[in-house]
Amino acid sequence: MTDPRSVGSAALPRLVGARVARREDPRLLTGQGSYVDDHRPARLLYAAFLRSPHAHARIVSIDASAALALSGVTAVLTGEEIARASKPVRAASKTPAVKVTSFPPLALGKVRHVGEAVAMVAAESRYVAEDAAERIVVEYAPLPVVTDMEGALEAASPLVHEEAGTNLLVAREFARGDVDAALASAAVVVRERFRFHRHTAICMENRGCLAEYATGSGTLTLRSSAQCPGIVRDVLSDLLDLPENRIRVVAEDVGGGFGAKASLYPEEIATCVMARRLGRPVKWIGDRREDLLATSHAWDEIIEAELGLDRDGAIVGLRALVTADVGAYSIYPWTAAIEPVQTISFLPGPYRVPTYRGRTRGVATCKTPLGPYRGVGRPPAVFVIEGLMDRAARRLGLDPTEIRLRNFIRDEDFPYKSPSGIVWDRSSFTGSLLRAREALGYDAVRAEQTQARAAGRWLGIGVASYVELTGIGSAIPVSPGMPIATGTEAATIRFDPAGKVTAVFGVASHGQGLETTLAQIVADEVGVPIEDIRVVHGDTALSPYGTGTYASRSLVLAGGAAIMAGRAVREKMLVIAGHLLEADPADLVPADGRLAVRGMPDRSVTVREIARAAYTGAKQLPKGLEPGLEATRFYDPYYGTASNATHVAVVEVDRATCQVSVLRYLVVEDCGRMVNPLIVDGQVHGGVAQGLGAALLEEIVHDDHGQLLSGTLMDYVVPSACEVPWMEVHHLETPSPVTLGGFRGMGEGGTIGAPAAIANAVADALAPLGVEVAELPATPERIFRLVARATR
Amino acid sequence: MKPPKFEYHAPRTVDEALALLGRYGGDAKVLAGGQSLMPLLNFRLARPAALVDLNRIPSLAFIEESGGGVRLGAMTRQRTIEFSPVIAQRVPLLKEATRWVGHLPIRTRGTVGGSIAHADPSAEYPAVLTALEGEVVARGAKGERVIKAADLFQTYLTTNLTPDEILTEVRLPAMAAGTGYALEEFARRHGDFAIIGIAAVVVRDGQRCKTARLATAGAGPVPVRLRAAEEILERDGLGEAAIDAAARKATELVDPDSDIHGSADYRRHLTGVLTKRALVRAMGVARG
Amino acid sequence: MMTVRLKVNGVAHEGRCEPRKLLVDFIREDLGLTGTHVGCEHGICGACTIMVNGESARSCIMLAVQADGAELMTVEGLMQDGKLHPLQEAFREHHGLQCGFCTPGMLMTALDFLRTNPSPSDGEIREGISAVLCRCTGYQGIVNAVRAAAATLRGGR
């Protein structure tokens, strides 16, 4: 078989690997994006939700008469009414480790967190809809509130879900070897109780959706700010009892997702039910208050962990207990297991850990549900293991980089099976750390630190190395036990008779630049200029079957599918061209955008001529060849692949205000073969900024009654340009041996490495005081208290 | 997050505005720059029957030197103050403080009178007004009165303006050439309200400190004049020991509250830290 | 209902709305200019930033009736004669946007900032654009873009 890429490369410059300016930018820069809220079909109604002011309360009665009496109000839906039109969501699980509970679209019987949707109004404007929501009278009978995740496990605790019989919704254990014996005989054991507080994504575009039900054809169209249109389509089919071919879910431009828009949300179901009931389009655009109350939160874990090492600093065992506050509901499709199980699965990091026991618990409380967010479980996992490595290094008198080098999985160990069963393919753990040391000028910075300390300054250097699983195929569920398959994605590549290409994908882009990177891959495979390619994504009516964008999978899976479909199309092009030129396809070579017979540049055809021939009937085609020029291919990378990086932060803690300033930030990342370095850098920058927010600024805070205290963007503090440092990004390119194209996913990594690197840098800065950083975010208040305790 | 219904009036004169306030008998709110009131309306935390918008009263926007001071019309935009040569020359502390007020697009709309009348204890302008011992002019149905900074602020978001009064003017004494000044502020994110802010003014006479003025933002329900700390400086001068003593004293003079951004202890600690920083910087600017 | 007459991007418009209607909703819904985005409705995120009489302001904390008689500029007015503005060009070249949601407000903010400070340092650029929150880029591409655009604009293009 001809290698289609060698065919392409001779004719056109290779685009994979090039810094191609983004193709989505011109429309986004000129105000011509197409976000959900930009659509206003005729007869549109605007929705607002009445949300619970209580964290836990029985609903005694709901009286919507005053709301319905208001001019401009069309309808009000309550939990009982919607229950007749939609099943409750149940994030099923194949594993007994997860207790399955119901998540009704509107509260049914009782409310379980402040901000839970209780009733929905449809009205002529959002203004009137809010007026009406205020007029709905709900009588609540308050119930005892469950806010403390450890208290929730006590026998006397009230239950969030009576059907579960317990607040322990997730319990799982991973083990390898006899960790108790290993720790008992270890030369050094370091232990800590880590706390990573609650976080949320804050996409700049709040969640929203617009449902239209065509009564004549019985078809439902949902525009949604969703990362996973395919998942939403599939589950709506089940919940609303509509066939999948009558549901179209569209996610055109989406203003950031970061995992928080990867789940099914109650508002999407309620909006569909309302639109179907009224036969009119209904749009709900969440506001920022709703976003903070009702978009999934992240992390919120207590991790007790112990690491044993021998005298030389080699790990002998790791034992840990993760407890996660998963909030009020198990989110679809990922279930309540996604965060706590991911944390315990990834805790061993890029290290050889001969013995391990990791237990994890997901505990229901009366708070907003926990869901996937950039990094899922790994930011806390890396915070813990890297924090333990630094504690061990201090105990053993080793440099933090040295202890890591002694424990990394070595080149000869790959493929390496981790204690939780994940297989790491060839990665650059050691290489990334050595490169980071060199790029930073590590020894010089250490020398600076010594001087700074002598001058009384609190300067610290923090290192964090991690490995993540990306581009996961069918062998492993993205979230343990989850009810849906996530191992494949497809691409359709279609020439039109004019020789232009449409490439359609089931994944969805919400800032990652997939319209550019996937076009680069397609251009290289089929051998046409990128200007001739249009990438279509995020529309279930147009795309082959797929789920969407999450878990750092889209470039790996959709890119792999693009390679397969592109090669299939290219093969057919060669066959047709050979027929037209009366030559053996194997003798054809590209020349100036044409295909020519080798050594005879005059005997050639254009792409346009080939495409036209493909569609104009049998006379132009080889006997028996099916007309048309398109291919759909599904790609399943099976296990998936690893991505890894080393992050280094240099920080100074202000002795007086206890504020942390990041003086330098450096990343050496390895995402295999890079498709577009411009976009790779952008993903790293954005990820690090979110990780920095998590490390220093951002925290969802509830009071003891479950009331949200960080309910505005003044109180939930995401970093501005002044808080984010300049970032130096270096790349290693170790092509993945197990994915098509050698790509590795990399959208989440920045957020995985940054909290640990910054926490370790702060701890290093404060090392002269003998304090450790075990709680994030490391706010000035927390550092003030740490310092006060140490110097008292 | 859409505002509840209200009636809206945009009078052209202060008299018209006062008549409207009188008509609503306390149920109307005055809309100045709107950078605080509009968010409150959007959250539906404020529900006035009517808004009386001052933005179309031209006579309320001016900066004038008069006698030994500067008069600012209440509707003078923070952005105008930021770029005003008169303010830069006569009340440079106000210019410096303005840079800490939100961000440029906020200052485009935000006004000096609105910020002061809103009386957010974490805001910069109330601290400046307090440190400079300025005054505001309020007009009501019964006429005009002048309120000293020390009398104006009652508690959180509350001044002693009555609901039928409008703050029309802010009067600040000019800072004599050579006066040292600084506004030090600590916020977790640039442009946010202060966790603690300190406005400092010092007038030097050789090694002596003729006058010291210190006022806080964020250290309690109203701006706090740190008089006992000022007295230390006026007695002992501006040496390091005196500044340290004044900063220590400052921590004893405030009674801040705790919230999710900082505990009372931390705020008290910051009061000392920023008092010292403000004084050191003010000293560096001072001549005489 | 009140009448609002204003100019947006040089074009005169007239509409009627309740006094409580936010300016950003008027621009998006009544005028159909959806380039300006709603991000927080409490004046923090800056996504809705537009130019009001030549100065940047948050349109989510202004009433439409307050803009009666005003001249506004939105992101749709930045492109001239079919050509991207140097800021837009620079944002594209330096990857100053990802999801694009903050971008219109960021562009308007940067435009105003560069008028008040045509030769900013990087620190000043960060301070200037800190008026708008971006969750995608970590701001690095934006800082690079604003620096490059400043140079282009100084060059008199």
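Below, chains carry the letters A, B, ... as their sequence lines are ordered, and counting in each starts from 1.
- Proximity to chain B (any heavy atom under 4.5 Å) is shown, for Asn53(C), by neither the backbone nor the side chain.
- Pro19(C) places none of its side-chain heavy atoms less than 4.5 Å from the side chain of Leu51(B).
- Proximity to chain B (any heavy atom under 4.5 Å) is shown, for Met108(C), by neither the backbone nor the side chain.
- Comparing Thr109(C), Val52(C), Val65(C) by how many heavy-atom pairs each has under 4.5 Å with chain B, the most go to Val65(C).
- With a 4.5 angstrom heavy-atom cutoff, Leu31(B) touches chain C only via side-chain atoms.
- Heavy atoms of Arg56(B) lying under 4.5 Å from chain C belong exclusively to its side chain.
- Within the 4.5 angstrom heavy-atom criterion, no atom of Ile129(C) approaches chain B.
- Each of Ser36(B), Pro105(B), Pro39(B) was checked for a side-chain contact (heavy atoms from CB on, under 4.5 Å) with Ile61(C), and the lone residue meeting it is Pro39(B).
- Identified by a heavy-atom distance below 4.5 Å to chain C, the contributing residues of residues 181-198 of chain B are Arg189(B), His190(B), in residue-number order.
- The part of Thr49(C) that comes within reach of chain B is its side chain, from C-beta onward, which places non-hydrogen atoms under 4.5 angstrom from that chain.
- Identified by a heavy-atom distance below 4.5 Å to chain C, the contributing residues of residues 88-101 of chain B are Arg99(B), in residue-number order.
- Proximity to chain B is absent for every atom of Ile50(C), based on heavy atoms less than 4.5 angstrom apart.
- Of the two parts of Glu18(C), only the side chain, counted from C-beta on, holds a non-hydrogen atom closer than 4.5 Å to a non-hydrogen atom of chain B.
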